[in-house]
Protein chains: 2
Amino acid sequence: MPSNDTKTALLDAAEKAARTMGFDGFSYADLAEDVGIRKSSIHHHFPSKAKLSVALMQRYHENFQAVCSEIDANFSTGGEKLNELINQYRARSDDGKRLCLCASFSASRDSLSPDVVHQISLFRAMVIDWLTGAFEKGQSDGSISGVLDPALESAAALSLLEGAQLAARAEENSALFENAIKLLKLRISVSNPLYPGR
Amino acid sequence: MPSNDTKTALLDAAEKAARTMGFDGFSYADLAEDVGIRKSSIHHHFPSKAKLSVALMQRYHENFQAVCSEIDANFSTGGEKLNELINQYRARSDDGKRLCLCASFSASRDSLSPDVVHQISLFRAMVIDWLTGAFEKGQSDGSISGVLDPALESAAALSLLEGAQLAARAEENSALFENAIKLLKLRISVSNPLYPGR
DNA sequence: ATAAACCTACTGATAGGTAGATTAATACCA
DNA sequence: TGGTATTAATCTACCTATCAGTAGGTTTAT
């Protein structure tokens with residue numbers, strides 16, 4: 001029985017560590033202590049830190065993409081979709097204790113393998129595309145006010161969300177995340193989504 | 001003659017390294033090679049990496065505060081002030097090769113000394129205050145459109161600017177910074193033809 | 001029997017930091 | 001003016017801890 005338990009536990013520990021301390025801030029020794037095996041045993045599952053980070057980023061990409069699909073399946077208006085994505089970034093901020101993996105890895109760019117650098121681009125493109133769709137929807141159904149250009153809104157929103165995580169992280173205070181996104185949230189209409197308006 | 005040359009050169013090298021690779025991403029060996037002295041000699045100027053980072057953050061704070069004062073002395077409208085601050089963050093992005101020191105240190109928060117953590121709060125408060133003033137001015141003089149709440153605008157703008165640096169850093173592409181801030185720039189009125197803005 | 005999973009024990013490189021000698025620039029003083 | 005303390009600045013040489021990673025043996029489950 002190929003027990004994925006340890007492998008998953010290692011990925012969980014690595015993701016938490018990377019998002020808390022950055023790629024250069026955690027070591028195999030940290031993961032070993034967290035998971036409860038010897039650090040040399042980690043190499044059985046992930047032969048190098050570079051390959052671990054590739055697996056980390058791939059899982060993160062797939063997971064986030066699934067979340068976006070889930071949102072699409074459960075929410076119809078652009079405003080609702082945007083609001084749900086904001087909730088995702090809030091959750092991943094963990095009260096200012098962490099950043100999302102994409103933001104954390106971006107900051108440590110020079111220490112990453114070329115594969116991960118490329119994966120970051122793919123991840124960002126995926127999120128930007130999804131967000132652009134949400135803003136297009138919000139523009140046409142009137143659930144997001146003042147949308148001039150969905151593509152530009154998307155780029156701005158992603159930067160705002162990652163920047164808001166950074167703000168909360170700077171002082172380990174979730175209120176700073178909320179403050180940073182408040183104006184964006186105010187643009188989301190809270191009217192009955194059954195009445196798209198305009 | 002107390003030669004500040006080496007000390008300044010060390011701070012310059014450390015700031016560049018920290019903003020490029022993060023606090024955990026550079027070592028005394030890197031600085032030594034950059035400046036051209038032995039790494040043990042660095043301890044004569046900065047006995048520990050913690051004290052170096054304190055000096056780094058202090059110089060950064062003073063420098064940035066001076067820049068803000070300079071802007072206030074040379075530009076009168078809120079829109080012009082905001083535009084100049086955007087220019088500062090663009091310059092500090094270095095075409096996606098670096099982040100500002102505040103953003104970089106925030107990401108490596110767990111590796112910093114308590115002093116530096118506190119300095120980050122002070123720095124952010126200073127920038128937020130200044131930005132709030134700029135938005136208040138822009139609201140009253142009409143040079144920034146759609147200002148509802150200057151304090152919220154300020155928090156959002158700082159997160160957007162740091163997030164835009166992160167976006168550019170993610171792909172080492174300055175166009176991502178420009179894309180992220182474009183909508184903010186569009187809110188700045190370009191009424192004065194002498195300062196057309198970018 | 002086989003193979004995955006994990007272990008002990010190790011490696012070379014590098015981390016931040018220290019000890020103590022040497023060099024270089026300044027200050028004092030006859 | 002020349003000589004001598006003094007101090008800043010840098011050096012060589014070393015320390016201990018930790019880093020990612022390897023070699024090879026042991027356990028465990030099929």
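Throughout, protein chains are lettered first and strands after them, A, B, ... in sequence-line order, and every chain is numbered starting at 1.
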Asks: Using atom CD1 of I42(A) as one end and atom P of dC6(C) as the other, report the distance to the nearest whole Å.
Replies: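 One finds 11 Å between P of dC6(C) and CD1 of I42(A), rounded.
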Asks: May I ask you to verify if any side-chain N or O of H44(A) is less than 4.0 angstrom from the OP1 or OP2 atom of dC6(C)?
Replies: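 Checking dC6(C) against H44(A), no side-chain N or O comes under 4.0 Å of OP1 or OP2.
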Asks: What is the separation between atom CG on D5(A) and atom C1' on dA29(D), rounded to the nearest whole Å?
Replies: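 Between C1' of dA29(D) and CG of D5(A): 14 Å.
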Asks: Taking only the side-chain nitrogens and oxygens of H43(B), find out if one of them lies under 4.0 Å from OP1 or OP2 of dA19(C).
Replies: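 Answer is no, no contact under 4.0 Å.
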Asks: With a sphere of 6.0 Å drawn around CZ of R59(A), does it hold more than 12 non-hydrogen atoms of other residues, nucleotides or ligands?
Replies: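 Atom CZ in R59(A) is crowded, with more than 12 foreign heavy atoms closer than 6.0 Å.
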Asks: Would you please confirm or rule out a distance under 4.0 Å between OP1 or OP2 of dT10(D) and any side-chain N or O of T6(B)?
Replies: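 Yes, within the criterion.
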Asks: Give every residue pair that meets the salt bridge (charged side-chain N to carboxylate O under 4.0 Å, His left out) criterion with at least one member in residues 98-112 of chain B, sequence neighbours excluded.
Replies: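 For residues 98-112 of chain B: R169(A)-D110(B), E172(A)-R109(B), D94(B)-R98(B).
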Asks: Can you list the residues that meet the ring-ring contact (aromatic ring centres under 6.0 Å, His included) rule with F177(A), with sequence neighbours excluded?
Replies: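 Residues passing ring-ring contact (aromatic ring centres under 6.0 Å, His included) with F177(A): none at all.
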Asks: Between atom CG in L52(A) and atom C1' in dG21(D), what is the gap in whole Å?
Replies: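 About 14 Å, once rounded to whole Å.
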Asks: What distance do I42(A) atom CD1 and L52(A) atom CG have between them, rounded to the nearest 0.5 Å?
Replies: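 Those atoms lie 8.0 Å apart.
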Asks: Would you say that more than 12 heavy atoms from the other residues, nucleotides or ligands in this model lie under 6.0 Å from the NZ of K49(B), or not?
Replies: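 Counting other residues, nucleotides and ligands, NZ of K49(B) exceeds 12 neighbours.
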Asks: What is the distance, rounded to the nearest whole Å, between atom CZ of F46(B) and atom P of dT10(D)?
Replies: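 That distance rounds to 12 Å.
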Asks: For DNA chain C, what residues of residues 13-41 of chain A have any heavy atom nearer than 4.0 Å?
Replies: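 The answer is I37(A), R38(A), S40(A), S41(A).
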Asks: Taking atom types as modelled and ignoring hydrogens, do the side chains of E62(B) and Q58(B) form a donor-acceptor contact shorter than 3.5 angstrom?
Replies: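 Yes.
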